[in-house]
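What follows is a single structure, written as structure tokens, with notes after it.
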2 protein chains.
Amino acid sequence: MLKNSEFVSKLRNSGLRPTKQRLKICEVLFNRDKTFHFTINELAKNISQKFDEKISLATIYNTIHAFKDKGYLKEITISSDKSYFDTNITKHHHFYDEDTNLLIDCNDNEIGKVNIKNNITGKKISSVEVLVRVASDTQNQN
Amino acid sequence: MLKNSEFVSKLRNSGLRPTKQRLKICEVLFNRDKTFHFTINELAKNISQKFDEKISLATIYNTIHAFKDKGYLKEITISSDKSYFDTNITKHHHFYDEDTNLLIDCNDNEIGKVNIKNNITGKKISSVEVLVRVASDTQNQN
DNA sequence: CATCAGTTTAGAACCATTATAAATTATATT
DNA sequence: AATATAATTTATAATGGTTCTAAACTGATG
């Protein structure tokens with residue numbers, strides 16, 4: 001739950017000008033009690049419902065990518081036709097409900113540490129992501 | 001390393017007619033010593049290099065999806081703009097080299113069992129996938 | 001060999017994302 | 001405060017991977 005002035009300094013500190021578009025997007029994304037997941041499409045709808053003045057889709061893409069690059073968002077890839085973003089930027093894993101297309105954060109109690117025993121020579125691990133797909137009992141299993 | 005007559009029965013057994021296009025694709029995908037990863041694009045190139053008669057891109061998509069549905073291929077999603085397929089259909093995990101965009105299978109020695117302690121009520125786990133992104137030491141970490 | 005459902009095909013359509021280039025805005029400078 | 005600048009926004013076009021369409025073709029069946 002940050003307020004406007006905090007967004008301004010947050011943006012400025014990372015070399016992004018606090019434009020009114022970016023501040024609106026901050027408000028939608030970060031002025032909340034809980035973290036959440038969204039697609040660009042959902043975000044665009046959300047913004048147009050919340051504000052009178054529209055934000056161009058190009059700006060939404062630009063801003064989300066800038067925020068991702070600055071580490072304010074994580075991108076989660078579920079399938080090639082669906083890209084989700086997550087305002088929870090801590091290391092964590094996900095359940096993906098194939099019936100509802102909803103992402104659910106796992107906490108550490110739910111998935112134990114993933115133990116990676118080998119390295120690729122000369123390479124550093126940049127992330128470890130676990131995706132647990134779930135579906136109602138009647139669905140096919142892979 | 002299967003041969004042509006084996007592809008014919010493999011296809012017939014799963015209710016797919018053994019057309020010459022499908023048999024060619026089988027040859028490219030399954031007539032090998034080792035499993036491998038590919039994108040549709042790479043596959044299409046591979047086919048056009050190997051055979052004189054071209055196979056329409058639509059047919060390649062249709063066939064790959066049919067093979068995936070029948071369980072002859074797995075799809076691995078790395079990012080929203082890159083969909084990989086894997087001829088290794090056993091349960092396993094992946095390293096993804098961000099420098100070269102290459103996927104590498106993990107064997108069980110490399111990643112221990114992922115321990116999932118909680119379930120989503122009324123849902124069944126349909127898959128558990130671990131993706132370990134790696135990059136050269138100089139790259140950014142997330 | 002006639003039939004029919006399954007398959008292939010070229011090309012159009014689709015849709016999410018990115019690029020473009022002109023207008024606008026935030027910030028630094030005078 | 002006015003000016004200069006670089007950053008940002010914007011509408012629109014372009015892109016690229018994938019799916020759709022509908023006509024032509026092929027494999028299996030009796």
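Values reported hereafter were calculated over all heavy atoms of this structure, with side chains retained and with hydrogens, waters and symmetry mates removed. As the structure is a computational prediction, the values presented were derived from the model and not from experiment.
- Atom NZ of B/K68 is separated from atom C1' of D/dT19 by 14 Å (rounded to the nearest Å).
- Between B/H65 and B/Y61, the ring-plane angle classifies as tilted under the 30° and 60° cut-offs.
- Contacts with DNA chain C (heavy atom under 4.0 Å) in residues 55-64 of chain B: B/I55, B/S56, B/A58, B/T59, B/N62, listed by number.
- Neither OP1 nor OP2 of D/dG17 sits under 4.0 Å from any side-chain N or O of B/S83.
- An OP1 or OP2 oxygen of D/dT18 is reached within less than 4.0 angstrom by no side-chain nitrogen or oxygen of B/H65.
- One can place NZ of A/K24 at 17 Å from P of D/dT8, the figure rounded to the nearest angstrom.
- You'll find that the side chain of B/Q21 is closest to C/dT9, out of C/dT25, C/dT7, C/dT9.
- A cation-pi arrangement is found for A/K10 relative to A/F30, the charged atom lying closer than 6.0 Å to the ring centre and inside a 45° cone about the ring normal.
- Judged by closest nucleotide on DNA chain D, A/L16 is the one of B/R17 and A/L16 placed further toward the 5' end.
- Side-chain nitrogen and oxygen atoms of A/K54 include at least one within less than 4.0 Å of the OP1 or OP2 phosphate oxygen of D/dA11.
- Remark: P of C/dA16 and CG of A/L43 are 14 Å apart, rounded to the nearest angstrom.
- Protein atom CD of B/E53 is 15 Å distant from nucleotide atom C1' of C/dT7, rounded to whole Å.
- Side-chain contact annotation: B/Q21 with B/T63, donor-acceptor N/O pair under 3.5 Å absent.
- Side chains of B/S14 and B/Y72: a donor-acceptor N/O pair is present below 3.5 angstrom, by distance only.
- Distance, B/K45 NZ to D/dG17 P: 10 Å, rounded to whole Å.
- Between A/C106 and A/I111, the closest heavy-atom pair is SG-CD1, 3.7 Å.
- Ring-plane geometry between A/F38 and A/F36 is classed as tilted, the angle between the planes lying from 30 to 60 degrees on a 0 to 90 degree scale.
- Between A/R12 and C/dT27 there is a side-chain polar atom (N or O) within less than 4.0 angstrom of OP1 or OP2.
- A/R22 has a side-chain polar atom (N or O) that falls below the 4.0 Å cut-off from OP1 or OP2 of D/dT9.
- The distance from atom CD1 of A/I25 to atom P of D/dT9 is 8 Å, rounded to the nearest whole Å.
- Between the CG atom of A/N41 and the C1' atom of C/dT18 there is a distance of 16 Å, given to the nearest Å.
- Computed from coordinates, the B/L23 CG to C/dG6 P distance equals 19 Å when rounded to whole Å.
- For B/N88 and B/H37, the side-chain atoms include no donor-acceptor pair closer than 3.5 Å.
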